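Here is the structure we will look at.
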Amino acid sequence: MIKSIPASTFSSTFRDYLALTKPRIVALLIFTTIAAMIVARPTVGLNIFLATVMGGSFAAAGASAINQYIDREIDAQMSRTKNRPIPGGRIRPVNALIFGLALIAWSTFILLVMVNEMAALLALIGAAYYVLLYTLILKRNTALNIIIGGGAGAMPVLVGWAAATGGLSFQAYLLFAIIFFWTPPHSWALAVLVNADYERVDIPMLPVAHGAEFTRLQIVWYSLQLVILTLLPFPLGMLGMFYLGAALLLGAGLMWKSFVLLQAATKLTARQMYKYSSLYLALLFLAMIIDKVFF
């Protein structure tokens, strides 16, 4: 007689596998993918739109699951991550690896069959970038890990642009650059917040390798470069006045938060910078969508 799986067990297992995918990060990445599609071609077909969202989500989710498989021993030693599904003993490492690989395989298949070859290739490159280049090589060996590794989080906008147009252009690379320059101040704010964790496991994040003060200066510098980059879509004719106004207001907030962190090196200011930077990117790309659709 086959025993049924209790609903509570199924629910908890589902939540653990969902946690492997880092759903909040995936949601933000896919939102930038959607924005890129709309900026590139507001009239993109529903089938392509849905397939791109699904395929892109699977690629990002699969890469995140494999990242947690690779980092399982590090995660077990960090207070922020010790209760994740693998170090917490709720998911076997090999199952997490198979799950991640399966998601990436499904992503490639969906994008290849339902969208186009370039979108499929870019999503696959993005997953490999995050898993192989960032997680296995950069993260453990250099304080430049976040700077170089930022390209992984910027790949989804290229996927969205390629899905909508079949190719890439200067405008697509500008969106890529915006996320590329957003990643360091966002990630370094978190690194300042949990510096003791990274120091404990000997991961050379910038605060560990060069100190918190140097890191805070770099957060201000990269935030300034980012704000300048976000203004370029207006003079280049990509987006209009609504976007420009939003970019200026959001950029002013980002600069303010970075200066506050520079002047007051506390857990509170680091947490505020980290949270605002997440909101900043989401609202910036929302402004792109609104400007393209309604103005």
Side-chain angles (χ1 to χ4, degrees), residues 21 25-64 100-134 149-183 229-240 242-243 247 281-282 284-295:
T21 68
I25 295 176
V26 171
L28 182 57
L29 294 177
I30 292 306
F31 188 67
T32 65
T33 304
I34 291 170
M37 280 193 286
I38 292 173
V39 171
R41 186 183 169 197
T43 58
V44 64
L46 182 61
N47 288 344
I48 290 178
F49 178 86
L50 294 176
T52 304
V53 169
M54 181 177 292
S57 297
F58 283 2
S64 294
L101 291 171
L103 285 173
I104 293 174
W106 272 110
S107 164
T108 304
F109 176 78
I110 291 168
L111 292 173
L112 188 61
V113 173
M114 301 185 67
V115 185
N116 58 55
E117 293 179 359
M118 180 167 284
L121 178 61
L122 289 168
L124 186 59
I125 290 173
Y129 194 138
Y130 183 58
V131 171
L132 302 178
L133 182 59
Y134 173 71
M155 288 299 292
V157 294
L158 299 187
V159 174
W161 198 281
T165 67
L168 297 175
S169 66
F170 173 79
Q171 292 92 332
Y173 293 119
L174 177 55
L175 297 182
F176 178 95
I178 287 172
I179 300 180
F180 187 86
F181 277 84
W182 166 83
T183 303
L229 272 173
T230 63
L231 303 181
L232 294 182
F234 176 71
L236 292 174
M238 286 176 61
L239 296 162
F242 177 84
Y243 168 78
L281 190 69
L284 184 75
F285 277 76
L286 177 62
M288 293 181 189
I289 295 173
I290 293 173
D291 188 279
K292 201 69 176 180
V293 173
F294 297 105
F295 292 94

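Note that these values count all heavy atoms, side chains included, but never hydrogens, waters or copies made by symmetry. Because the structure is predicted, anything quoted here is derived from the model rather than measured. Start at 1 with the first residue, then count along the sequence.
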Side chain proximity check, [X] to [Y], heavy atoms < 4.5 angstrom:
X	Y	value
M114	L50	no
T52	V44	no
F176	L168	no
T165	Q171	no
F295	L239	no
V157	F285	yes
I179	L175	no

Indicate the atoms forming the closest heavy-atom contact of [X] with [Y], along with that distance.
X	Y	answer
K292	I38	CG-O, 3.5 Å
A119	L111	O-CD1, 3.8 Å
M37	A163	SD-CB, 4.4 Å
M118	G167	SD-CA, 3.6 Å
L122	L158	CD1-O, 3.6 Å

Kindly say whether [Y] contributes a backbone atom to a donor-acceptor pair with the side chain of [X] at under 3.5 angstrom?
X	Y	result
T33	P156	yes
S107	L103	no
R41	A164	yes
Y243	T230	yes

Open item on the list: Under the rule for side chain to side chain contact (heavy atoms under 4.5 Å, CB included), what residues qualify as partners of L28, not counting sequence neighbours?
Closed with: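 Counting only residues at least two positions away or on another chain, L28 forms a side chain to side chain contact (heavy atoms under 4.5 Å, CB included) with W182, L281, A282.
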Task: Trace of the side chain to side chain contact (heavy atoms under 4.5 Å, CB included) decision for F58 with T21 - done: CA-CA 9 Å; F58 283 2; T21 68; over 6 Å; no
- [ ] With rounding to the nearest 0.5 Å, note down the distance linking CD1 in I34 to CG in L29.
- [x]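 Atom-to-atom, I34:CD1 and L29:CG are 11.5 Å apart.
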